[in-house]
Number of protein chains: 2
Amino acid sequence: MTDTTQDAVALDGVGPLYDQIRRAIRDLIVSGAWPPGTGVPPEHALMERLGASRMTVHRALVQLAREGLITRRRRSGTIVASPPASHTMFDILSIPDEVRGLGQDYAFRVLERRDGKARSAEIARFELGSAVEIAHLTLLHSADGAPHVLEERVIHLATVPDAATEDFTAMPPGDWLLRHSLWTQAEHAISAVAASATQAGLLGLAEGEPCLLVERRTWNQERPVTAVRLLYPGHRHRFVGRFGPYGNV
Amino acid sequence: MTDTTQDAVALDGVGPLYDQIRRAIRDLIVSGAWPPGTGVPPEHALMERLGASRMTVHRALVQLAREGLITRRRRSGTIVASPPASHTMFDILSIPDEVRGLGQDYAFRVLERRDGKARSAEIARFELGSAVEIAHLTLLHSADGAPHVLEERVIHLATVPDAATEDFTAMPPGDWLLRHSLWTQAEHAISAVAASATQAGLLGLAEGEPCLLVERRTWNQERPVTAVRLLYPGHRHRFVGRFGPYGNV
DNA sequence: CAGTGGTCTAGACCACATC
DNA sequence: ATGTGGTCTAGACCACTGG
């Protein structure tokens with residue numbers, strides 16, 4: 001367990017004390033200063049260090065636990081949690097896990113890759129700023145040997161420089177990014193489109209067949225991380241979610 | 001403001017006290033015993049009535065407020081909130097509001113209606129139990145005079161008997177249900193389909209054009225309320241959601 | 001056994017909005 | 001002015017679990 005005593009839990013004086021404590025610890029986690037598995041100081045230590053009562057410290061930690069940033073256990077203490085793999089309905093979901101969850105064999109292939117400054121077609125498709133350095137990849141994921149989903153992705157090399165030297169043979173880039181980067185914000189869009197001739201060929205469809213297009217962009221603290229377009233054959237895929245009106249259940 | 005002193009906030013003795021209080025009040029709200037606008041007793045009253053300390057009562061109420069079931073204001077007190085109109089990404093959303101939010105004129109038309117025992121085609125399409133009493137409606141919603149979305153809906157008359165005598169001329173059934181029924185669970189599915197000849201005709205598309213199909217079923221405490229299939233022309237619609245990994249922001 | 005988090009209390013002071 | 005919720009404290013006891 002990593003030592004955390006070096007890191008200052010710095011309060012900013014704005015808002016309630018419990019919320020200052022919550023945000024201070026949250027920032028240490030999402031900035032990467034406290035990676036998953038790091039031990040969070042016990043309540044009594046935070047009490048003394050921050051001059052707050054235990055209930056106030058507790059309130060901050062309970063909220064962080066409810067948000068899933070930390071895991072708490074009696075006696076063994078509090079540690080930084082691993083980022084969740086999936087989200088309510090749309091999901092920063094590992095495609096290998098998605099396929100294997102269906103009981104099928106998973107495989108993938110990188111069809112194309114180009115690194116460098118974004119070109120105008122990429123800028124338009126992914127709403128990029130001009131002249132950003134990206135890795136641009138096209139991949140096909142398959143399940144039991146049949147095409148499952150076509151992926152087109154850009155990775156922002158300024159945010160994730162290690163991606164430049166990764167060849168994505170052991171693991172598709174979505175999974176690699178889950179392990180080698182952090183995201184704090186995501187935007188999803190879903191729409192129905194007709195498969196182009198090229199897309200249809202790769203997915204084993206007829207041209208014009210309906211497909212579900214999932215577009216996702218993620219950021220870490222305002223810095224763009226990646227943007228991806230996933231094209232699923234429509235007749236074979238549904239996205240399902242269950243929840244109640246006051247939050248997911 | 002409705003009087004709440006008649007209703008017992010009944011604790012069940014299982015789990016922490018603050019959670020018993022939270023569930024007791026939540027049950028009064030979702031059961032309809034305390035409709036929106038009802039005044040929740042102030043903390044000091046609940047303290048005395050339940051024999052709990054103020055912090056414990058407060059903790060229960062804070063959580064209910066965070067879940068959106070109640071609204072709290074200093075001095076004026078706590079009231080039961082109106083059910084939220086929309087949800088993170090898929091949304092129990094009013095279609096009129098959706099259209100007007102785009103700055104367009106809204107109109108709708110009931111194309112067909114039949115009440116009675118579910119037929120086999122309906123049972124299959126909506127995964128109904130056999131021989132349930134339903135109202136079955138088909139509607140077309142339009143924006144600025146152009147077709148916007150095609151709706152096919154069943155309403156469970158055992159759960160919502162008032163729907164049998166409602167003609168849905170003033171308001172489409174989705175909006176009417178938001179006002180005349182409660183839901184505690186929903187299931188959404190989204191997929192891409194090709195428009196049939198009939199659907200294409202109604203939506204002003206060519207046969208086979210890709211459409212986004214949103215299927216939704218809702219329940220109130222295990223009792224089915226309604227099921228709906230919304231068919232959106234794919235080239236004109238996207239569903240967008242934004243969130244962080246640890247919950248919506 | 002001892003260290004951790006989980007719950008609960010009694011009381012205090014403050015902030016705010018309505019009366 | 002007063003009633004409401006919002007925050008915070010100091011202390012207590014309990015439940016769980018690893019050493």
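Protein chains get the first letters and strands the later ones, always in sequence-line order, with residue 1 at the start of each.
Of the possible polar contacts, one joining the B:Asp144 side chain to the B:Asp105 backbone as a donor-acceptor pair under 3.5 Å is found. Judged by distance alone, with hydrogens and angles left aside, the side-chain atoms of B:Thr184 form a donor-acceptor pair with the main-chain N or O of B:Gln221 at under 3.5 Å. Listed for the B:Arg223 side chain is a donor-acceptor partner under 3.5 Å among the backbone atoms of B:Ala158. A donor-acceptor pair under 3.5 Å links the side-chain atoms of B:Gln20 to the main chain of B:Gly13, judged by distance alone.
Rounded to whole Å, the distance from CG on A:Asp19 to C1' on D:dG6 is 12 Å. Rounded to whole Å, the distance from CD1 on B:Ile79 to P on D:dG3 is 21 Å. Rounding to whole angstrom units, CG of residue A:Leu46 and P of C:dG5 are separated by 9 Å. Look at CD on A:Gln20: it is 18 Å from P on D:dG6, rounded to the nearest Å.
Residue B:Arg75 places a side-chain atom within donor-acceptor reach of the base of C:dT18, judged by atom type and a 3.5 Å distance cut-off alone.
If you check every strand for non-hydrogen atoms under 4.0 Å, A:Leu61 touches nothing.
An OP1 or OP2 oxygen of D:dT7 is reached within less than 4.0 angstrom by no side-chain nitrogen or oxygen of A:Thr56. Contact between the side-chain N/O atoms of B:Arg59 and the OP1/OP2 oxygens of C:dT7 is found at a separation under 4.0 Å. Applying the 4.0 Å criterion to OP1 and OP2 of D:dT4, one finds that B:Arg72 has every side-chain N and O outside that range. Dashed line: the shortest gap from a side-chain N or O of A:Thr78 to OP1 or OP2 of C:dG5 is under 4.0 Å. Between B:Tyr18 and C:dC8, a side-chain N or O to OP1/OP2 separation shorter than 4.0 Å is absent.
Put simply, the side chain of B:Gln63 does not reach to within 4.5 Å of the side chain of B:Arg59, judged on heavy atoms.
Of all nucleotides listed (C:dT18, C:dA10, D:dC8), D:dC8 comes nearest to the side chain of A:Leu17. Nearest to the side-chain atoms of A:Arg54 among the listed nucleotides D:dC16, D:dG6, D:dC13 stands D:dC13. Ranking C:dG5, D:dC8, D:dG18 by closeness to the A:Ser53 side chain, first place goes to D:dC8. Listed nucleotides: D:dG6, D:dG3, D:dT7. Nearest to the side chain of B:Glu43: D:dG6. Distances were taken from every side-chain heavy atom of B:His44 (C-beta onward) to each of C:dC8, D:dG5, D:dT4; the shortest belongs to D:dT4. Closest approach to the B:Met55 side chain among D:dG5, D:dT7, C:dG5 is made by D:dT7 (side chain taken as heavy atoms from C-beta onward).
Summary of the strand contacts: A:Arg74 and A:Gly51 both lie near DNA chain D, and taking for each the nucleotide with the nearest heavy atom, the more 5' one is attributed to A:Gly51.
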